[in-house]
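Here's the structure, in structure tokens; my notes come after.
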Amino acid sequence: MTNADPAKLAAAKNAVARISDGMKIGMGTGSTASIAIRVLAERINAEGIKVVGAPSSFASERLARSLGIPTVPVSALGQLDLSFDGADEVSPSLDLIKGRGAAHTREKIIACSSSEFIVLVDDSKLVERLGEKSPVPVEVLPMAVEFVNEQLRKLGGRPELRMGKSKDGPVVSDQGMWIVDTHFDSIIDPAALDRSIKSIPGVLDHGLFIGMATAVLVGKSNGTVKVLTK
Ligand code: 5RP
């Protein structure tokens, strides 16, 4: 793990140290969650602990399997003991924006299935108010995208269909849906926006994670970790 970002690695190591033998683990998606998956694999190899992991994306499933971590769909595991994941923004009340990797729907199912949902970030993800830096990714049924965009505009958002970088046309999620990145100038009431977006027909889910994080681990480049809890 010599080339891993030191702040992300510090947060990942802190999270993995909380895992005990026999636990059912939720595994997030993204660069920070991937580091945590690698650190978990190292612990399994070094200490022989037995865990089973529920991955939040095809990407995390492939990574975990390649490292020898047993994976099972979250629906087969029921209540998880602990999940770890990254985030795009963290507010002072530990609400989150997630979904840069378009995995937020499965990530939210995993977060809500877990006794502990541990979020791994560096300082750059901490904001005063959600929406400062990142759009809210909304996962949408393709045939409903124009209708959903219109409803998002009525909520004050500026929706933008996420386009592929190494593929022509829209990004297609692991569920076969499209992603509409929606910019809001200021999210004053994240819980109300959460409910409003969720209630639009054609929306599968979105990247606002309200009241879900049990702890946020803020890794620093010197290897220390600040633990934020409510
Ligand atoms: C993927 C996510 C990621 O967890 C989030 O984008 C953070 O990623 P990274 O750790 O690479 O900054 O929500 O859908």
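Counting convention: from 1, in listed order, for ligands and their atoms alike. Position 1 is the first residue of the sequence; numbering continues from there.
Considering backbone and side-chain atoms alike, A33 places every N or O at 3.5 Å or more from each N or O of ligand 1. Checking only distances, G30 never comes within under 3.5 Å of ligand 1, N or O to N or O. At a 3.5 angstrom cut-off on N or O pairs, E107 counts as close to ligand 1.
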- Task: Evaluate side-chain hydrogen bond (donor to acceptor under 3.5 Å, both in side chains) for S57 paired with R106, printing each intermediate quantity in order.
- Result: CA-CA 7 Å; S57 61; R106 291 194 197 191; over 6 Å; no

- Query: For K8 and S31, what are the C-alpha separation, side-chain angles and deciding distance, and is it a side-chain hydrogen bond (donor to acceptor under 3.5 Å, both in side chains)?
  - Reply: CA-CA 8 Å; K8 293 178 182 182; S31 60; 2.8 Å; yes

- Between H104 and D205, is a side-chain hydrogen bond (donor to acceptor under 3.5 Å, both in side chains) present by the stated rule, with each step listed? CA-CA 8 Å; H104 49 282; D205 214 326; over 6 Å; no

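The shell of residues lying under 4.0 angstrom from ligand 1, judged by heavy atoms, includes A102.
Look at R129 and E132 and you find no salt bridge, because none of the NZ, NE, NH1 or NH2 atoms lies under 4.0 Å from a carboxylate O.
Two residues are said to be in side-chain contact when any heavy atoms from C-beta on lie closer than 4.5 Å; T32 and V121 fail this criterion.
Annotation: atom 12 (O) of ligand 1 to nearest protein heavy atom, K125 NZ, 2.7 Å. Atom 5 (C) of ligand 1 has as its closest protein heavy atom D88 OD1, 3.2 Å. Of all protein heavy atoms, the one closest to atom 10 (O) of ligand 1 is T32 OG1, 2.5 Å. Nearest non-hydrogen protein atom to atom 8 (O) of ligand 1 is R100 NH2, 3.2 Å. Looking only at protein heavy atoms, the nearest one to atom 4 (O) of ligand 1 is T29 O, 2.8 Å. The protein heavy atom nearest to atom 9 (P) of ligand 1 is S31 OG, 3.3 Å.
Close approach of ligand 1 to A103 (heavy-atom distance below 4.0 Å) involves ligand atoms 14 (O). Applying the 4.0 Å criterion to heavy atoms of G99 picks out, from ligand 1, the atoms 2 (C), 13 (O), 14 (O). Residue G101 has at least one heavy-atom neighbour below 4.0 Å for each of these atoms of ligand 1: 1 (C), 14 (O).
Atom CZ of residue F117 and atom CG of residue L96 lie 6.0 Å apart, to the nearest 0.5 angstrom. Atom CG of L82 and atom CZ of R18 lie 8.0 Å apart (nearest 0.5 Å). In this structure, the separation between CD1 on I197 and NE2 on H206 is 5.0 Å, given to the nearest 0.5 Å.
By the criterion of a heavy-atom distance under 4.0 Å, the side chain of D85, and not its backbone, is placed next to ligand 1. At a heavy-atom distance under 4.0 Å, only backbone atoms of A87 (N, CA, C or O) approach ligand 1.
In this model, no donor atom of one side chain and acceptor atom of the other lie less than 3.5 Å apart for E116 and S83.
Counting only distance, with no hydrogens or angles, the side chain of D21 and the backbone of K50 share a donor-acceptor pair below 3.5 Å.
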